[in-house]
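When a residue number appears, it is its place in the shown sequence, counting from 1.
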Amino acid sequence: MPLTQQEIKTRAYTFVKEWENAERERAEAQTFWNDFFNVFGITRRRVASFEEPVKKLGDARGSIDLFWKGTLLVEHKSKGKDLTKAYEQALNYFPGINEQDLPKYILVSDFIDFRLYDLDTNTEIDFTLKELPEKIHLFGFISGYKQHKHHEEDPVNIQVAEKMGELHDELFDSGYKGHMLEIFLVRLVYILFADDTGILPKDHFHYFLENRTNLNGFDTGQTLAMIFQMLNTPIENRQNGMDDELLEFPYVNGGLFQEALPIPVFNEKMRGILLDCCSFDWSTVSPSIFGSLFQSVMDKKQRRELGAHYTSEKNILKVVRPLFLDEIEAEFESSKNDQRKLKQLHDRIAGMRFFDPACGCGNFLIITYRELRRLEIQILIQLRELSRRKDARQMIIGVEELSRIDVDSLYGIELEEFPARIAEVAIWLTDHQMNMELSQEFGQTYIRLPLKKAANIKHGNALQMGWNFVPKEGLTILGNPPFIGKHLRNAEQNKDMELVCAPLKTYGVLDYVSAWYIKAVQFIQNTSIKVAFVSTNSITQGEQVGALWKWMLAQGIKIHFAHRTFRWMNDARGKAAVFCVIIGFGLNDAKKKRLFDYANPDADVMEIIAKNINPYLVDADNIIVYSRNKPISDVPEISYGSMANDGGYLILDIEEYKELLAKEPAAEKYIHLFLGSQEFINKVDRWCLWLKDISPAELRNLPETMKRVENVKQKRLASNRETTKKLAQIPYLFGEIRQPESNYLLIPGVSSENRFYIPIGFMDKDIIASDLARTVPNASLYHFGVLTSLMHMAWVRAVCGRLEGRYRYSNNIVYNNFPWASEVNAKQKGQVENAAQKVLDARNQFPNASLADLYDPAAMPKALVDAHRTLDKAVDACYRREPFKSELERLEFLFALYRAYTEPMNLAMEAKPKRKLKK
């Protein structure tokens, strides 16, 4: 099983620390490359050889420093030598290498500077040895990961959306707003696109607008109204004597120009903006940009309210490809020389239907339709070629008779009218683009005008309306439902959840997107329909897993593919970014389960083939970790820290601390250090007034302290919560007191996902832990050692909740469910304790450094790295003798151990008779 991206990155940092100050002469080169391959869990000698003899151009002979046939050629030079010459030398070896053994990558270096050439993409990347961990994803081919490239959006798309947003703003400010503005903009988008793509005579709209309207813009609105009328009028019904150039606008149909709109009043600036829009080459603009255009005319509040997120093609293809496209493209490749199989494939894709139940502006449907049409064109070209081989005099068939895929194969539901109309128009324009590509391949012009078919886009609430208008035969469901967390739902969305999620007892903890999962599962019962949704990553973490996936698995759902957490970027104005996952699922099992992994949320994606994908998006059994109030192992209980609920009056920063002591030295014994996650990790000084044991007389003799207590009282009395108002009776105390009576272990409630370990530490009982920290009283060195090990971190990364990408450590999900090793003997325990002490000792070597400094992956001292490595081995040995090769292997073991620990508990609870109530 390959190492995870995170584990490879961890090894890369260790590798760099060991080699950055070492001698780098050629005599040590082989050791260097052996260690380099070991970063990926690969034994070098199994795949690559040193000093591979090869014949160069002419009769000269040479030897390749390191050669992995078919994959990688390495050429290294002495320090400071020209890497370009090393690359040229590498290329000189190519004539002596068999074609099938030619490498896909060339790596040249002087052991300080490196340059990697990707010969497939014709790209090169330079980096230093120190930068290797951040570039390690480039070497995914070594560990067996397949690197996927997704192209970013063309900048012209973004410029078009911005310019249209500018026009919207001007019209809106002039009083032209609401429904009429939305429809007006939809029509303009269609015309601008048509002007550059052959639906209209080339640049005819641009010419007409520039030459038939006044510079002051006053007649622009009337001119546009006339053009809209022409586009809605059949040729035979047009009035005699009209302007010939106006008559050149064709009849479009489709209802797009049917509604009569008020005529907008333009001015010189607005006319200029519209002409600027005409100056773009709209033939290069993807119709999927219309989603970005939609966002560009909305404010941030509306964007969150409606859950609208512009989706780039790069991200859409992460859904479309593993859901269906990769499979049918592979089928095409395997059938290219078989006419019968190609026709069967054509029949198959002609019968496919696609449904996006939260379609927005139709981005997923647009890209899906485009990719399917392009595959159909390839099939038709291949069928033509095979027919010509049989009969060079074959009859030429009109292209309109060749294509069997039309826009009515697409279905969608959208809550708001404007994006629904945008979706319809964008799909028509995508269809036209594909007809142009088909025309170009077959040398015939094919334009579907007047429009006769349309995508089936319904305007309504997908969670409240039925989906029965969508035929189930040949159907695939996909999309990205609204990204709205459980705490951000409005009243209407809560009603949606109540309606759809009734089968789930604890649906209140779920993000809004979960409702689409539930409704989709209900819709696909007794079918082979495949579904894939982009989702907030929260549904695969923490308490949401138990709330959602227990029901999903009970319905027979199986995960076919998944993208682990990555950053879902929005390329439109006011960029929106969230941390997402993609989950593809169905009722039937998949022959090949594909798991896409990221070293970090912004890294390139790497693919692995999984045996099973569980709800945590881990290659492991379908086990769900439920919330528990007590640990499943015999360890000290965990608690939250104390919550002040004081309006900030019991908390002191450095200036307030000094000021209070200057005015009231007698208060010093009641001032304690106060640590939450941030203070603990970043070594931030913060204090609190801890008045738990103060007498009334003492308190009254501290007037400055009394002022703060009085402020707490007033703040609590002003609260809308009755429980908080009651706390006003004891304003000198924290609202919730959970401070341990003994020394304790502090675990940050939130910690960066970039760290290899969550920093934890021992605290004196007089240091007050805030509610943003977790406390484990009476913890030993052994407990500290296990909790700061890779074994525990593997569990954390798999099951904890996240705040954006950061770890959110949960008492009831993470700690209480963690399966500690059983039957640990005294020797093993002692080894863990000794190693744990060495970690603390290594930290103490740097008294001025914060834990954030010490655990920064790029700055972590070697002494601390080595101490943690020793500790990891000691903890691993408590679980089994055989070392763990990867994090996924640890997780497989931990999930199996969790099942062994908890199944007897669950069975006992199910068998336990219910307690009878006394009458």
Side-chain angles (χ1 to χ4, degrees), residues 637-750 760-779 811 847-848 850-852:
E637 293 189 16
I638 190 171
S639 176
Y640 288 92
S642 300
M643 182 173 70
N645 196 355
D646 65 330
Y649 295 108
L650 296 178
I651 312 302
L652 307 170
D653 62 22
I654 183 68
E655 295 302 325
E656 292 170 322
Y657 169 76
K658 291 179 180 178
E659 182 182 352
L660 181 59
L661 282 184
K663 292 180 179 180
E664 203 161 76
E668 184 174 14
K669 70 176 182 176
Y670 298 108
I671 300 175
H672 292 243
L673 271 176
F674 184 61
L675 299 181
S677 299
Q678 290 299 316
E679 294 82 8
F680 172 68
I681 293 173
N682 293 292
K683 207 172 184 179
V684 175
D685 289 334
R686 203 172 179 215
W687 294 265
C688 69
L689 284 165
W690 191 251
L691 305 171
K692 182 170 175 285
D693 299 318
I694 197 170
S695 70
E698 286 179 294
L699 182 56
R700 292 184 65 198
N701 286 327
L702 299 172
E704 293 298 322
T705 301
M706 278 293 289
K707 288 179 184 178
R708 287 180 168 271
V709 170
E710 180 61 31
N711 287 333
V712 174
K713 179 180 179 180
Q714 296 306 317
K715 183 70 177 178
R716 290 177 179 176
L717 285 173
S719 173
N720 294 324
R721 298 177 68 241
E722 286 301 319
T723 53
T724 302
K725 287 182 178 180
K726 289 180 180 179
L727 290 173
Q729 298 172 11
I730 45 172
Y732 56 92
L733 294 180
F734 271 43
E736 296 178 19
I737 296 176
R738 293 181 286 260
Q739 180 65 13
E741 297 293 331
S742 64
N743 294 346
Y744 61 94
L745 199 59
L746 187 148
I747 303 175
V750 177
I760 66 176
F762 288 104
M763 294 291 120
D764 187 274
K765 64 180 180 180
D766 290 328
I767 296 175
I768 309 302
S770 85
D771 59 321
L772 298 178
R774 313 290 178 256
T775 63
V776 184
N778 302 309
N811 298 359
N848 296 323
S850 68
L851 290 171

Measuring from [X]:[atom1] to [Y]:[atom2], what's the distance to the nearest 0.5 Å?
X    : Y    : atom1 : atom2 : result
K715 : E710 : NZ    : CD    : 14.5 Å
T723 : N645 : OG1   : CG    : 7.5 Å
N711 : M706 : CG    : CE    : 11.0 Å
I768 : L673 : CD1   : CG    : 9.5 Å

Partners of [X] by side chain to side chain contact (heavy atoms under 4.5 Å, CB included), sequence neighbours excluded?
X    : result
A852 : I681, N682, R755, S850
S719 : R721, T724
L772 : S677, S770
A728 : K713, R716, L717

Give the minimum heavy-atom separation between [X] and [Y], together with the two atoms involved.
X    : Y    : value
L650 : L733 : CD1-O, 4.1 Å
F680 : P748 : CD2-CG, 3.8 Å
N811 : S639 : ND2-C, 3.5 Å
L702 : E664 : C-OE2, 3.0 Å

Identify every side-chain donor-acceptor pair in residues 694-701 under 3.5 Å, counting partners at least two apart or on other chains, and give the distances.
residue: S695; atom: OG; partner: E698; partner atom: N; Å: 3.2
residue: S695; atom: OG; partner: E698; partner atom: OE1; Å: 3.1
residue: E698; atom: OE1; partner: Y670; partner atom: OH; Å: 3.0
residue: E698; atom: OE1; partner: S695; partner atom: N; Å: 3.2
residue: E698; atom: OE2; partner: K669; partner atom: NZ; Å: 3.2
residue: E698; atom: OE2; partner: Y670; partner atom: OH; Å: 2.7
residue: N701; atom: ND2; partner: A697; partner atom: O; Å: 3.1

Throw together a table of side-chain donor-acceptor distances under 3.5 angstrom for residues 683-690, partners on residues two or more places apart or in other chains.
residue: K683; atom: NZ; partner: P847; partner atom: O; Å: 2.5
residue: R686; atom: NH1; partner: E679; partner atom: OE2; Å: 2.9

field: Pairs where residues 693-726 contributes a residue and the test ring pair (Phe, Tyr, Trp, His ring centres under 6.0 Å) is met, not counting sequence neighbours
entry: none
field: Trace of the salt bridge (charged side-chain N to carboxylate O under 4.0 Å, His left out) decision for E659 with K663
entry: CA-CA 6 Å; E659 182 182 352; K663 292 180 179 180; 3.1 Å; yes
query: So, F674 versus F734, ring centres under 6.0 angstrom or not?
result: yes
task: Among residues two or more places apart or on two chains, list those pairs meeting salt bridge (Lys or Arg N to Asp or Glu O under 4.0 Å) that have a residue in residues 639-652.
output: none
query: Applying salt bridge (Lys or Arg N to Asp or Glu O under 4.0 Å), which residue pairs with at least one partner in residues 763-778 are found, sequence neighbours left out?
result: none
message: Tell me every residue that passes side-chain hydrogen bond (donor to acceptor under 3.5 Å, both in side chains) with K658, counting only those two or more places apart in sequence or in another chain.
response: none
statement: side-chain hydrogen bond (donor to acceptor under 3.5 Å, both in side chains) filter on K707, not counting sequence neighbours, yields E704
field: Neighbour count above 12 (heavy atom, 6.0 Å) for K725 NZ
entry: yes
field: side chain to side chain donor-acceptor pair (under 3.5 Å) contacts in which one or both residues fall within residues 734-750, not counting sequence neighbours
entry: E736-R738, S742-N778
I671 vs L652, side-chain contact (heavy atoms from CB on, under 4.5 Å): CA-CA, chis, key distance, verdict: CA-CA 9 Å; I671 300 175; L652 307 170; 4.2 Å; yes
- request: Go through the steps to decide whether T775 and L745 satisfy the test side-chain contact (heavy atoms from CB on, under 4.5 Å), and finish with yes or no.
  value: CA-CA 6 Å; T775 63; L745 199 59; over 6 Å; no
